[in-house]
Amino acid sequence: AQRVTQPEKLLSVFKGAPVELKCNYSYSGSPELFWYVQYSRQRLQLLLRHISRESIKGFTADLNKGETSFHLKKPFAQEEDSAMYYCALRSGSARQLTFGSGTQLTVLP
Amino acid sequence: ETGVTQSPTHLIKTRGQQVTLRCSSQSGHNTVSWYQQALGQGPQFIFQYYREEENGRGNFPPRFSGLQFPNYSSELNVNALELDDSALYLCASSSGGVRAGNEQFFGPGTRLTVL
């Protein structure tokens, strides 16, 4: 069965510092991985997907199949990046999402 | 373009009761997925509906059931409520059917409390 692990429930960094949110997965097939973000009082929304290989709001994530990881990175954190971040894997007949438990990122001034 | 809407926003029920939650999909979306998010956890897949039929189900008992209507809106029904059913229930819609694998857009959720 597939599983997504986000080892850090809470992460605090100072504005301008680099940030890395960790995500590890277990899945026997070829993974489709995503990062979702939920800002305060807003709904869950897609941040980026690994197949796009794009940078969104300065964030990037590289799929490392050897380490089964999909860490989210940003070189210079901004206060507006403070939010809950969820890593998710898509699989199954319904292409359903399996989420990690999330990491609450706080960017301090 | 109207986003995904859910009703009600909050709901309080007692153990053993039944509840119905509603979801209107985003305009043009024909696939609806339901997720349960317990406090401090990520969303967990319950089931998905496409063309008014259940298409995939997570590890939830049969007392969790659903419907999809011709206008693609959907209902989630939970019978014989248990305390552990207290959670935020999220609905997500997407277009193109399952094979398209298009982005899922989430609603704001319904907060269910079971006493």
Side-chain angles (χ1 to χ4, degrees), chain A residues 1-11 21-27 29-52 54 56 61 70 72 83-105, chain B residues 2-6 9 23-26 29-51 53-60 64 66 68 74 87-111:
Chain A
Q2 61 275 14
R3 185 179 179 87
V4 176
T5 303
Q6 294 179 250
E8 304 141 327
K9 277 214 172 291
L10 303 171
L11 183 63
L21 289 84
K22 292 183 169 47
C23 171
N24 289 91
Y25 68 91
S26 64
Y27 181 57
S30 184
E32 289 184 80
L33 286 154
F34 304 82
W35 277 98
Y36 280 78
V37 61
Q38 188 167 26
Y39 300 102
S40 179
R41 299 187 187 84
Q42 294 187 26
R43 59 188 67 188
L44 196 61
Q45 60 185 285
L46 178 65
L47 179 62
L48 56 80
R49 63 186 80 187
H50 89 273
I51 58 172
S52 300
E54 56 191 344
I56 304 293
F70 187 56
L72 183 68
M84 178 67 85
Y85 291 81
Y86 293 96
C87 182
L89 182 151
R90 186 161 68 185
S91 65
S93 61
R95 311 289 294 280
Q96 66 264 29
L97 295 167
T98 299
F99 287 88
S101 56
T103 297
Q104 178 68 51
L105 173 65
Chain B
T2 305
V4 179
T5 60
Q6 293 186 242
T9 306
C23 170
S24 291
S25 60
Q26 185 165 311
H29 287 184
N30 58 11
T31 304
V32 174
S33 301
W34 286 92
Y35 294 83
Q36 180 196 66
Q37 186 174 18
L39 198 62
Q41 301 297 318
Q44 186 175 357
F45 176 70
I46 302 174
F47 45 54
Q48 181 184 87
Y49 277 84
Y50 172 60
R51 292 185 174 177
E53 292 192 0
E54 186 180 293
N55 172 61
R57 187 180 184 94
N59 188 25
F60 281 82
F64 285 77
Q68 186 180 34
S74 178
L88 181 69
Y89 288 85
L90 296 171
C91 167
S93 73
S94 57
S95 63
V98 173
R99 290 190 181 277
N102 290 330
E103 178 181 350
Q104 294 186 25
F105 290 82
F106 284 83
T110 293
R111 173 72 63 188

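What you see below is based on every heavy atom in this structure, not just the backbone, and it leaves out hydrogens, waters and symmetry mates. A, B, ... follow the sequence lines: proteins, then strands. Residue 1 opens every chain.
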How long is the straight-line distance from [atom2] of [Y] back to [atom1] of [X], given to the nearest 0.5 Å?
X	Y	atom1	atom2	value
A/Arg95	B/Gln48	CZ	CD	10.0 Å
A/Gln96	B/Asn55	CD	CG	9.0 Å
B/Phe106	A/Leu46	CZ	CG	9.5 Å

Most contacts with chain A, counted as non-hydrogen pairs under 4.5 angstrom, among B/Phe47, B/Phe105, B/Phe45 |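 Highest number of pairs under 4.5 Å: B/Phe45.
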Chain A interface, residue from B/Gly56, B/Gly42, B/Ala92 that has the most non-hydrogen pairs under 4.5 Å =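 The option with the most such pairs is B/Gly42.
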Specify the closest pair of heavy atoms between [X] and [Y], including all atoms of both residues, with the distance to one decimal.
X	Y	value
A/Arg43	B/Pro108	NH2-CD, 3.5 Å
A/Arg90	B/Asn102	NH1-O, 3.6 Å
B/Gly40	A/Lys9	O-NZ, 3.1 Å

Check: B/Pro43 main-chain N/O paired with A/Tyr86 side-chain donor or acceptor under 3.5 Å =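 Looks like no, no N/O pair under 3.5 Å.
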Taking the side chain as C-beta and beyond, is there a heavy-atom pair between B/Gln37 and A/Leu44 under 4.5 Å?
->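 Not in contact.
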Measure B/Tyr35 against the heavy atoms of chain A and call it side chain, backbone, both or neither at under 4.5 Å.
->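 Side chain of B/Tyr35 only, per the 4.5 Å heavy-atom cut-off to chain A.
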